[in-house]
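Working notes, structure below.
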Amino acid sequence: MVIRVLRSRWRGAFAVVALVPWGLGLPLAAVAFVLDAVAGEGGPLELTVAVLGGAASAVTVPAQAQTVRALVSRPRLALGPEALVVHDAALLRGAARIRREIIAGAERLDGSAQAGYDTAELSPYREPLNVAILLTEEHIFTSARRRRGGTWIWLVPRRHERPPRFPEPGDRHRRIHMRAADPAAAVTAINDWVS
């Protein structure tokens with residue numbers, strides 16, 4: 001059985017639109033200033049702006065790739081014979097397998113559920129999550145993406161909001177929160193699959 005993880009498309013689209021000036025504007029401006037400098041029309045100030053614009057654009061490339069990946073990926077959980085398999089290209093480099101014997105079950109969450117330090121949230125966005133998967137022992141997401149690979153963009157602080165707690169390499173988790181398209185069906189399927 002496959003459980004579809006719901007992800008807000010408008011949040012991803014907003015992130016892409018917010019990065020377009022950095023991703024396209026800075027490199028184009030840098031190329032224009034360099035061409036002016038090569039033609040002898042630009043001075044040292046224009047060349048400095050070109051170099052700084054190109055450098056700032058290069059720094060944001062991982063964030064741009066991560067944003068597009070979050071927008072186009074189709075996250076889901078698959079209940080296999082021996083493991084729950086998490087597919088999420090935005091947060092994981094490859095599929096993550098959680099052994100069936102360490103899964104205690106699942107429960108519904110209300111929108112105000114707080115995530116502890118032992119909780120992995122399968123959403124890079126700050127959105128209400130509705131299903132919790134409980135584990136009997138700690139699980140490490142070995143395929144989790146590192147912050148410097150682009151996931152740092154989701155940790156940018158906002159007023160009165162905590163950053164999401166998505167899987168990080170080496171972190172140990174006892175709970176997994178997610179946003180299922182049909183939370184009641186997801187909880188029933190996981191609990192039936194475990195028993």
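Keep in mind that this is a model prediction, so the values were computed, not measured.
Taking CG of L135 as the start and NE2 of H173 as the end, the distance is 9.5 Å to the nearest 0.5 Å. To the nearest 0.5 Å, atoms OG1 (T119) and NE2 (H177) are separated by 4.5 Å. For the atom pair CG of L84 and CG of L77, the computed distance is 4.5 Å after rounding to the nearest 0.5 Å. Once rounded to the nearest 0.5 Å, the distance linking CG of L79 with CD1 of I190 reads 6.0 Å. Taking CG of D88 as the start and CZ of R74 as the end, the distance is 12.5 Å to the nearest 0.5 Å. One distance of note links CZ of R179 with CD of E121; it measures 12.5 Å at 0.5 Å rounding.
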Please determine whether side chain to side chain contact (heavy atoms under 4.5 Å, CB included) holds for the pair I176 and I98, giving the CA-CA distance in whole Å, both sets of side-chain angles, and the decisive distance to 0.1 Å.
CA-CA 11 Å; I176 300 166; I98 303 171; 3.3 Å; yes
Could you check L134 against R175 for side chain to side chain contact (heavy atoms under 4.5 Å, CB included), going step by step and ending with a plain yes or no?
CA-CA 5 Å; L134 312 171; R175 295 173 63 91; 2.9 Å; yes
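Within a 6.0 Å sphere centred on CZ of R100, other residues, nucleotides and ligands contribute more than 12 heavy atoms. More than 12 heavy atoms of other shown residues, nucleotides or ligands fall within 6.0 angstrom of atom CZ in R174.
Here the closest non-hydrogen pair linking W193 and G80 is NE1-O, 2.8 Å. A pairwise comparison of heavy atoms in R93 and A144 identifies NH1-O, 2.9 Å as the closest pair. The two residues S123 and L129 have their closest heavy-atom pair at CB-CD2, 3.9 Å. A pairwise comparison of heavy atoms in A180 and V131 identifies CB-CG2, 3.9 Å as the closest pair. Here the closest non-hydrogen pair linking R97 and H139 is O-CE1, 3.3 Å. Minimum interatomic distance between P167 and L122 (heavy atoms only, all atoms of both residues): CG-CD2, 4.0 Å.
In this structure, I140 is not a member of the same hydrophobic cluster as L92, with clusters built from ILVMFWY side-chain heavy atoms closer than 4.5 Å. The hydrophobic cluster containing I103 does not contain V85, counting ILVMFWY residues as joined when their side-chain heavy atoms lie under 4.5 angstrom apart, directly or transitively.
E107 contributes no side-chain N or O that, together with a main-chain N or O of A132, makes up a donor-acceptor pair within less than 3.5 Å. At least one donor-acceptor pair under 3.5 Å links the side chain of R145 to the backbone N or O of A89.
When side chains are defined from C-beta on, I133 counts as touching M178, because their heavy atoms get closer than 4.5 Å.
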